[in-house]
Amino acid sequence: MEWLTVPFEVTFVQRALWGGMLVSAICAPAGTWVVLRGMAFLGDAMSHGLLPGVAVAALLGGNLMMGAVVSAAVMTAGVTALGRTPRLSQDTGIGLLFVGMLSLGVIIVSRSQSFAVDLTGFLFGDILAVRQQDLLVLAAASFAALAVSVLGHRAFLALAFDPRKAHTLGLRPRLAHAVLLGLLGLAIVASFHIVGTLLVLGLLIAPPAAALPWVRSVCGVMALAALLGILATFGGLLLSWHLSTAAGATVAALAVSLFFLSHVLSGLRDRRTRRAHSIASQLQVN
């Protein structure tokens, strides 16, 4: 069993594991609502929409996370405002913001002498470079994500399944949608420097999607999604150590693999259940 424990005896791998676990805890609540509401494209758009703020912060020598926070706020406000435009579909507005913010970010980054390095770091992150202060920020973000999820659970639930009923019950669906966008932005901002914007969707969407066929309650999906994200982090770091592959990409790839495995197994389970019901029906007829 030495191959299982040796990688995690190294300090930076231990920090990477803790970082991935905290990212999984942050992404599970936001990702569950993203999956339930079919907002995967929005998650992708918001993750790439961070680039202008990160680029400006990098060029000015400022804090990259603060730059990401500003971009996330702009994206959230933009999506909320365009969502209220009756003649423009939400997907169209999100797509325009996505292209506009990404283009602006690439233009800004292209002014830097280290264009390739900066863009690669933004897209793919570096989970093995997690520092102690990063863990403190992630811990605070995970607590905030949990608090928002608990306080907004009723409104989010009504918004996901029947927005008109949410309005009837006085749950203010527009405000709930804006808060949900903020929760999504929090998950992406807290995670992008760990696994990068291209890979953050792996932990944001794959674990909740993998958990969905096995759990009936929303809270159960969140809990199982967090566990699957932690499993993907542990397994991804282990495979990365032994196979000498990119750690963040390996974690995200394993998370997606767990999704496909989950749906194959759930398909076999459903087929077996249908067969058992068919046999039972035939026996009752006879």
Side-chain angles (χ1 to χ4, degrees), residues 22-47 49-50 68-86 88-95 97-98 138-191 200-201 203-229:
L22 289 170
V23 167
S24 298
I26 297 168
C27 288
T32 298
W33 297 117
V34 166
V35 170
L36 290 176
R37 296 198 63 205
M39 296 164 54
F41 177 54
L42 174 59
D44 189 27
M46 288 196 68
S47 65
L50 301 184
V69 169
V70 172
S71 282
V74 171
M75 283 291 295
T76 300
V79 170
T80 302
L82 290 176
R84 297 176 180 176
T85 305
L88 190 67
S89 70
Q90 188 176 37
D91 281 350
T92 301
I94 292 171
L97 282 170
F98 175 28
L138 289 172
S142 64
F143 178 80
L146 179 61
V148 171
S149 298
V150 171
L151 293 175
H153 180 80
R154 187 164 175 258
F156 295 161
L157 191 63
L159 184 65
F161 294 103
D162 194 344
R164 287 178 296 182
K165 187 174 182 180
H167 182 73
T168 304
L169 294 173
L171 295 176
R172 304 179 68 180
R174 287 186 176 181
L175 177 60
H177 182 67
V179 174
L180 186 56
L181 291 179
L183 178 62
L184 177 58
L186 172 66
I188 293 172
V189 168
S191 308
V200 68
L201 287 179
L203 289 178
L204 187 68
I205 295 176
L212 207 56
W214 303 98
V215 186
R216 293 184 179 180
S217 68
V218 173
C219 292
V221 172
M222 291 180 182
L224 183 55
L227 290 176
L228 290 174

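Among all heavy-atom pairs drawn from I26 and L138, the shortest one is CD1-O, 3.5 Å. Closest approach of A211 to A225, counting heavy atoms only: CB-N, 4.0 Å. Taking both residues in full, the closest heavy atoms of V200 and S47 are given as CG1-CB, 4.0 Å, listed atom of the first, atom of the second, then distance. Across all their heavy atoms, A139 and S142 have their closest contact at O-OG, 2.7 Å. Closest non-hydrogen pair, T32 versus M222, comes out as OG1-CG, 3.3 Å. For W33 against L183, the heavy-atom pair with the smallest separation is CD1-CD2, 4.3 Å.
When side chains are defined from C-beta on, V34 does not count as touching P208, because their heavy atoms never get closer than 4.5 Å. Using a 4.5 Å heavy-atom threshold, the side chains of L50 and M46 count as separate. The closest side-chain heavy-atom distance from L151 to F156 is not below 4.5 Å. For the pair P207 and S24, the minimum side-chain heavy-atom distance is 4.5 Å or more. Taking the side chain as every heavy atom from C-beta outward, L36 and L212 approach each other to under 4.5 Å.
Using a distance-only test at 3.5 Å, with no hydrogens or angles considered, no donor-acceptor pair links the side chain of S71 to the main chain of A68.
Among V179, L186, L180, the one residue that satisfies the side-chain contact (heavy atoms from CB on, under 4.5 Å) test with V148 is V179.
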